Amino acid sequence: PQPPPTAAATSGPGSIARKTAGAERHDGFIPFYYDERTGKLLLEVARLDQDFLLLNSLATGLGSDRLGLDRGSIGEEAVVRFERHGPKLFLVRRNTNFRAVGGSPELVRSVDESFAASVLAALPILAEEDGRILVDATDFFVQDFYDVRRTIRQARQGDFRLDRDRSSIYLPRTKAFPKNTEVEVLLTFASDNPGNEIVRHTPDGRSLSLREHYSLVELPGPGFTPRAFDPRVGIWPLAFFDFNQPFDKDPVRRWAQRWRLVKKNPNAALSDPVQPIVYYLDPAIPEPYRTAFKEGAGWWTKVFEAAGFTNAFRVEDLPPGADPMDARYSVIQWVHRSDPGFSIGPSFVDPRTGEIIKAAVRLESHRSITDYNIWAGANPSVAGPLGQCDVADDGPGDWIAALDPDADATAFAMARRRQHAAHEVGHTLGLAHNFIAGSYGRASVMDYPGPLIRLENGHLDLSDAYRNGPGAYDSLAIRWAYTQFASPEEEARGLEAIVQDGIRRGIRFITDQDAGPDGSIPMATRWVNGSEILPELDRVTRVRDYLLDHFGPAAIATGEPMWRLGDRLGPVYLHHRYALEAALKAVGGMDFTYALRGDGETPTRILDPQEQRGALDRLLAALQPDALAIPERITALIPPVPYGYREEAYSFRSPSGVFDPIAAARTLASFIADGLLEPRRAARLVAQHARNPQAPSLEEVTSRLVEATWERPTPAV
């Protein structure tokens, strides 16, 4: 709700010069005045009834993975316009979810009048002259547009209110440029009952101060042609109702989200673009991350050649004095949290067309601690010489011969971070996750890569832990999204030819909605490698057994608390966890594709009953006491949390307050048992057995689970 009009607003229009006397003018896309004496921000509007983009984001973060309020988080993009209504200017958000593309003016108007718009603000008119209108926009900007309060409330971290007395325009990052105006505000949220997560991440939990950022941006000009979405490829869709579609067509229209990339020479097989895609590195990113991110993100430069473009993608340092929140810059930002969490690759998209206009990649610093724990937990220095490594193309060296965080461990972590940067940048180029690419040669950076740790001739080999470059799926997706065609007819034929090329080569796409623990495709599982789940589970189980057999004090550095061994034990004990998840999917499993009629794909295939029972055999074997046990020699090494430390997110929790091998076993056993009895899996078992009596039934699975656990004879002591 807007506050009552001020005295200045009700006194009638006057000259802009008089109303802005003593205020500092900033000229640009939408000029503004800032009055230091009053803290007011006044907009000078000359673009009535003209659409532009309103982008909103968080300039500063809370540092909590649980709440996800990170530095650089982006909100929604909106098409808005200023409309005059009496003594006020309304800022109106257009409804782009319902349209009549190419329809008559009467049809377009009928759709507009059938669905609601949203008036975001009513700005008091202070003055006007020569077609320019001066409005007070302070109260509009000094609000919680990002809706921080809802995020906190949904996380049950307290009821917060915006304290306007402790909130203001943040002038150092409020600027105007020819095609965009940037406004930042400092907001203070107050609460008498802040939650523990808020208290832990603020100096005073009763007063939470964050900065939110607005970008008012000129809409992209004409020349961008939307491309029809295809579910078989994995480019993000922009979806909306189109009421100009005939009744025999889907009324929901979907366009692919992608950058505007046009060849300088459209007749050349390879050409530089008219305007390349440029990403800028946050100056806060230190080495060796900076080099790793630049190299990993830079992989896309070569990938774009598959679509006919040279030098189409660049990664550069952010120019001195540039603001990473400025809508003109696509930025790879460095964010920090108190606990490990996800990095993310969001982007702002023109809601009218699907054109990507700005990327806001956020790479999280904590991830390398996870990578290091994997590395250190696999450190069997007592076992003798190991394999060789050239992951970072730095020449061979001993892998894990000693725990050296400045050498091999760094190479391991940076190999992962190169892939990580390429993954998040891929999202901002339009690519969704592809969680089946690991089954055909780790063929995409858009998969989640489990470290490929091999056991060769009795020794560990991490020389190919992470793929050092993009894969076949990445090239296929970029070809589909960015190849330039001479006509709509040629585009339709060319895009289908690209898809068919992928089908012939076995390049598959399965994304988040079908890759969760309750999914049915075994190899569409995060963090797994290999083309078949049964041999892959056998392989990683052997590696896990080796890691447990050789786990010991060498997993931590001299002088570290022995308690820290618990952090390193987790990745070892659960080394086969994701392969077990894939095996769970094989029970009642069904493979499928996002097939279209006539494309030659097999829509569905129930997994062979023998494969399903083979998976069940291995899952039940993993539930046996010897498979769940942690050797006493390891348990005896791990004391409780030492004085001055706190329990970490990487360790097994235990109600006993000490490391408890039974609690660890319970975690793993519950994962397997709960997974077998998961409701959707149970329903598939029933349905598949009804279709094929040779397939495992729900009764068979539950009976075998009971026999292997509760009814298993107790060994004689």
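A quick note: this is a predicted structure, and the numbers were derived from the prediction, not measured. Scope of the values below: all heavy atoms of this structure, side chains included, with no hydrogens, waters or symmetry mates.
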Interatomic spacing from CG in L62 to CG in D70 - rounded to 0.5 Å = 9.0 Å
ask   = Which heavy-atom pair separates F243 from L107 by the least distance, and what is that distance?
value = O-CD2, 4.1 Å
ask   = Does any non-hydrogen side-chain atom of K175 lie less than 4.5 Å from one of T181?
value = no
query = Do F90 and F82 have their ring centres less than 6.0 Å from each other?
reply = no
Side-chain touch R417/F293, heavy atoms, less than 4.5 angstrom = yes
query = Does the ring of Y170 carry R211 above it, NZ/CZ under 6.0 angstrom from centre and within 45° of its axis?
reply = yes
ask   = Are the aromatic rings of Y146 and Y214 close, with centres under 6.0 Å apart?
value = no
key: Quiz item: cation-pi between R526 and F435, 6.0 Å / 45°   = yes
request  = Please test D371 against R367 for salt bridge (Lys or Arg N to Asp or Glu O under 4.0 Å), starting from the C-alpha separation and ending with a verdict.
outcome  = CA-CA 7 Å; D371 300 332; R367 177 61 61 89; 5.7 Å; no
query = Any side-chain heavy atom of R81 sitting closer than 4.5 Å to one from E83?
reply = yes
request  = Using a 4.5 Å cut-off on heavy atoms from C-beta on, say whether the side chain of R173 contacts that of E182.
outcome  = no
request  = Please assess L69 against V148 for the test side chain to side chain contact (heavy atoms under 4.5 Å, CB included), listing each intermediate value before the final yes or no.
outcome  = CA-CA 8 Å; L69 297 169; V148 166; 3.9 Å; yes
ask   = Partners of T310 by side chain to side chain donor-acceptor pair (under 3.5 Å), sequence neighbours excluded?
value = D272
ask   = Which word best sums up how the rings of W334 and Y289 line up, parallel for under 30°, tilted for 30 to 60°, or perpendicular for over 60°?
value = tilted
query = Is the cationic atom of R232 (NZ for Lys, CZ for Arg) positioned less than 6.0 Å from the six-membered ring centroid of Y594 and within 45 degrees of its normal?
reply = no
request  = State, without any angle test, whether T511 and H433 hold a side-chain donor-acceptor pair at a distance under 3.5 Å.
outcome  = no
ask   = salt bridge (Lys or Arg N to Asp or Glu O under 4.0 Å): which pairs involve residues 298-312, sequence neighbours left out?
value = K302-E305
key: Centroid-centroid distance, F115 to F98, less than 6.0 Å   = yes
task = In sequence, state the C-alpha distance, the side-chain angles, and the governing distance for T291 and E287, and then conclude on side chain to side chain donor-acceptor pair (under 3.5 Å).
result = CA-CA 6 Å; T291 295; E287 292 291 357; 2.8 Å; yes
Audit row: T301, R314, side chain to side chain donor-acceptor pair (under 3.5 Å) steps and yes/no = CA-CA 7 Å; T301 305; R314 298 205 308 262; over 6 Å; no
request  = Anything under 30° is parallel, anything over 60° is perpendicular, the rest tilted; go ahead and classify H423 against Y448.
outcome  = tilted
message = Looking at every non-hydrogen atom in both residues, tell me the closest pair between H420 and S343 and how far apart they are.
response = CE1-OG, 3.1 Å
message = Please check this pair: side chain of S271 against backbone of N265, looking for a donor-acceptor N/O pair closer than 3.5 Å.
response = yes
message = To the closest 0.5 Å, what do you measure between CG (D65) and CZ (R337)?
response = 5.0 Å
ask   = Could you go step by step and tell me if E355 and R258 meet the salt bridge (Lys or Arg N to Asp or Glu O under 4.0 Å) rule?
value = CA-CA 5 Å; E355 179 182 354; R258 58 199 185 101; over 6 Å; no
query = Taking side chain as C-beta onward, heavy atoms only, is V79 less than 4.5 Å from L53?
reply = yes
inquiry  = Does any part of the side chain of F240, heavy atoms only, come nearer than 4.5 Å to the side chain of R99, both counted from C-beta?
reply    = yes
request  = Might you confirm whether atom CD of E490 has over 12 heavy atoms from other residues, nucleotides or ligands at distances under 6.0 Å?
outcome  = yes
ask   = Relative to the ring of Y329, is the ring of Y280 parallel (under 30°), tilted (30 to 60°) or perpendicular (over 60°)?
value = perpendicular
inquiry  = So V185 and F145, do their side chains get closer than 4.5 Å, heavy atoms only?
reply    = no
inquiry  = Is the distance from the ring center of Y279 to that of F313 below 6.0 Å?
reply    = yes
message = Please identify which of these residues, W300, W236, F342, meets the ring pair (Phe, Tyr, Trp, His ring centres under 6.0 Å) condition with H427.
response = W236
message = Between D474 and S444, do the side chains contain a donor N or O and an acceptor N or O under 3.5 Å apart?
response = yes
message = Students often mix this up, so state it plainly: with edges at 30° and 60°, are the rings of F32 and H26 parallel, tilted or perpendicular?
response = parallel
key: H213: ring pair (Phe, Tyr, Trp, His ring centres under 6.0 Å) partners, not counting sequence neighbours   = none
ask   = Are any of the side-chain heavy atoms of D242 and D250 separated by less than 4.5 Å?
value = no
